[in-house]
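Report on the structure given below.
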2 protein chains.
Amino acid sequence: MGVVRKTQSVNLVLNAFKAENKAISVIDLVDRFSDKINKTTVYRVLDRLEDDGVLHSFLGVNGIKWYAPCKDCSEHKHTDVHPHFQCTDCGKIDCLNVDIIIPKLPNREVAGAQVLIQGKCEACCN
Amino acid sequence: MGVVRKTQSVNLVLNAFKAENKAISVIDLVDRFSDKINKTTVYRVLDRLEDDGVLHSFLGVNGIKWYAPCKDCSEHKHTDVHPHFQCTDCGKIDCLNVDIIIPKLPNREVAGAQVLIQGKCEACCN
DNA sequence: TTTGTTAATGCAACTAAGTTGTATTAAATT
DNA sequence: AATTTAATACAACTTAGTTGCATTAACAAA
């Protein structure tokens with residue numbers, strides 16, 4: 001909800017995700033835009049873009065927040081419950097285009113799941 | 001590795017896990033022992049117990065660290081890669097005794113996975 | 001194109017989780 | 001009981017993220 005203005009900050013952040021089609025950590029974003037966008041603004045821009053279904057967020061190994069572009073999400077429906085893969089060598093995270101089967105749990109109401117697979121990425125496997 | 005002494009702090013922490021057989025967040029532990037154990041000590045005790053395969057740690061929804069007793073872990077082998085279930089209502093986390101199947105990923109070396117299932121727990125389902 | 005509205009920003013100060021260094025204390029060993 | 005050294009308390013620090021508020025800049029309407 002709410003009017004989302006195409007501000008300079010929004011454009012800068014969106015271009016970053018367009019340029020490299022992978023997840024970027026908030027820390028990385030705050031750092032790389034430190035001379036152009038205020039830290040607080042980065043956090044708020046990401047919040048807004050997530051609300052609008054443009055980005056989705058999740059947590060990396062150390063509890064650091066990461067963002068990645070959404071594919072099938074909208075403002076009203078967030079279907080992006082795919083797993084993420086974090087490389088233990090280089091630290092990079094990719095979105096995986098596979099489905100994880102969550103088993104039925106008796107007496108519990110499953111609403112979603114966060115799956116972070118760890119290991120060596122393609123580049124670091126050599 | 002390393003000699004682990006059965007200190008007062010270690011006993012207090014271990015008793016907490018023995019009393020309630022579920023995961024406890026670091027924040028909770030630091031808080032409930034605030035008048036008996038120093039914050040730094042709580043962190044270091046948990047570190048040691050995890051190294052020794054007594055406890056295992058994982059991250060909750062907000063990137064907060066949680067600990068739970070290990071069942072089949074040892075100092076040398078950590079096999080506890082079961083999923084955890086966090087209730088979106090009451091915030092409590094349980095260890096789930098089910099296996100999650102991680103799909104084979106081409107060109108990647110999978111080392112482990114963190115699975116956090118979210119929803120309503122048994123108590124909050126009513 | 002100017003004006004008015006208000007979303008968005010910058011800045012400073014703050015909170016909260018977790019870490020580090022160091023002197024002191026208390027397990028365990030002799 | 002004396003000795004060794006792991007473990008602790010305390011203070012200070014780091015880092016991720018938030019809050020409040022005055023200012024700025026999108027953007028719509030005149």
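Here is the naming used below: chain letters follow the sequence lines, and residue numbers restart at 1 for every chain.
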Phosphate contact (dA8(C) OP1 or OP2) by Thr41(A) side-chain N/O below 4.0 Å
no
Might you confirm whether atom CD of Gln8(A) has over 12 heavy atoms from other residues, nucleotides or ligands at distances under 6.0 Å?
no
In whole angstrom, what separates Gln8(B)'s CD from dA9(D)'s C1'?
13 Å
Side-chain donor-acceptor contacts of residues 95-105 of chain B below 3.5 Å, not counting sequence neighbours, with atom names and distances?
none

Gap between atoms OH and P, on Tyr43(B) and dA17(C) respectively (whole Å)
7 Å
Separation of dA8(C) P from Asp47(A) CG (nearest whole Å)
12 Å
Round to the nearest Å and state the distance from Leu49(A) atom CG to dA7(C) atom P.
17 Å
What residues form a side chain to side chain donor-acceptor pair (under 3.5 Å) with Thr88(B), not counting sequence neighbours?
none
Atom-to-atom span, CG of Leu46(A) to P of dT18(D) - whole angstrom:
11 Å
Residues touching DNA chain C, which here means a heavy atom under 4.0 Å, drawn from residues 25-36 of chain A
Lys36(A)
Under 4.0 angstrom between Thr7(A) side-chain N/O and dA25(D) OP1 or OP2:
no
Tell me every residue that passes side-chain contact (heavy atoms from CB on, under 4.5 Å) with Ile64(A), counting only those two or more places apart in sequence or in another chain.
Ser25(A), Ile27(A), Asn62(A), Trp66(A)
Send over the distance from Lys6(A) NZ to dA8(C) P, rounded to a whole Å.
13 Å
Nearest of dA25(D), dT9(C), dA17(C) to any side-chain atom of Arg5(A)?
dA25(D)
Quantified as the angle between the terminal helix axes (five pairs each), what is the overall bend of the helix from dT1(C)-dA30(D) to dT30(C)-dA1(D) to 10 degrees?
30°
Can you check whether Phe58(A) reaches Tyr67(A) side chain to side chain, under 4.5 Å on heavy atoms?
no
State which residues pass side-chain contact (heavy atoms from CB on, under 4.5 Å) with Asp89(B); sequence neighbours excluded, sorted by chain then number.
Cys87(B), Lys120(B), Cys124(B)
Quick one: salt bridge (Lys or Arg N to Asp or Glu O under 4.0 Å) pairs with a partner in residues 33-44 of chain B, sequence neighbours left out?
none
Which nucleotide sits closest to the side chain of Arg48(A): dA8(C), dA28(C), dT8(D)?
dA8(C)
Mind listing the N/O atom pairs, protein and nucleotides 10-14 of chain D, below 3.5 Å?
| unit_1 | atom_1 | unit_2 | atom_2 | d |
| --- | --- | --- | --- | --- |
| dA11(D) | N6 | Thr40(B) | OG1 | 3.4 |

Report the residues that fulfil side-chain contact (heavy atoms from CB on, under 4.5 Å) with Asp31(B), sequence neighbours left out, ordered by chain and then residue number.
none
Identify every side-chain donor-acceptor pair in residues 106-114 of chain B under 3.5 Å, counting partners at least two apart or on other chains, and give the distances.
| unit_1 | atom_1 | unit_2 | atom_2 | d |
| --- | --- | --- | --- | --- |
| Arg108(B) | NH1 | Asp94(A) | OD2 | 3.3 |
| Gln114(B) | NE2 | Gln118(A) | OE1 | 3.3 |

For Leu59(B), side-chain contact (heavy atoms from CB on, under 4.5 Å) partners two or more places apart
Lys65(B)
Can you tell me the distance, in whole Å, between the OH atom of Tyr67(A) and the P atom of dA16(D)?
15 Å
Please pick, from dG10(C), dA8(C), dG17(D), the nucleotide with the shortest atom-to-atom distance to any side-chain atom of Val4(A).
dA8(C)
Rounded to whole Å, the CD1-P distance (Ile37(A) to dA25(D)) equals 14 Å
Checking Gln86(A) side chain against Val61(A) main chain: does a donor-acceptor pair fall under 3.5 Å?
yes
Suppose we screen for salt bridge (charged side-chain N to carboxylate O under 4.0 Å, His left out). Which residues come up paired with Arg32(A), at least two apart in sequence or across chains?
Glu20(A), Asp28(A)
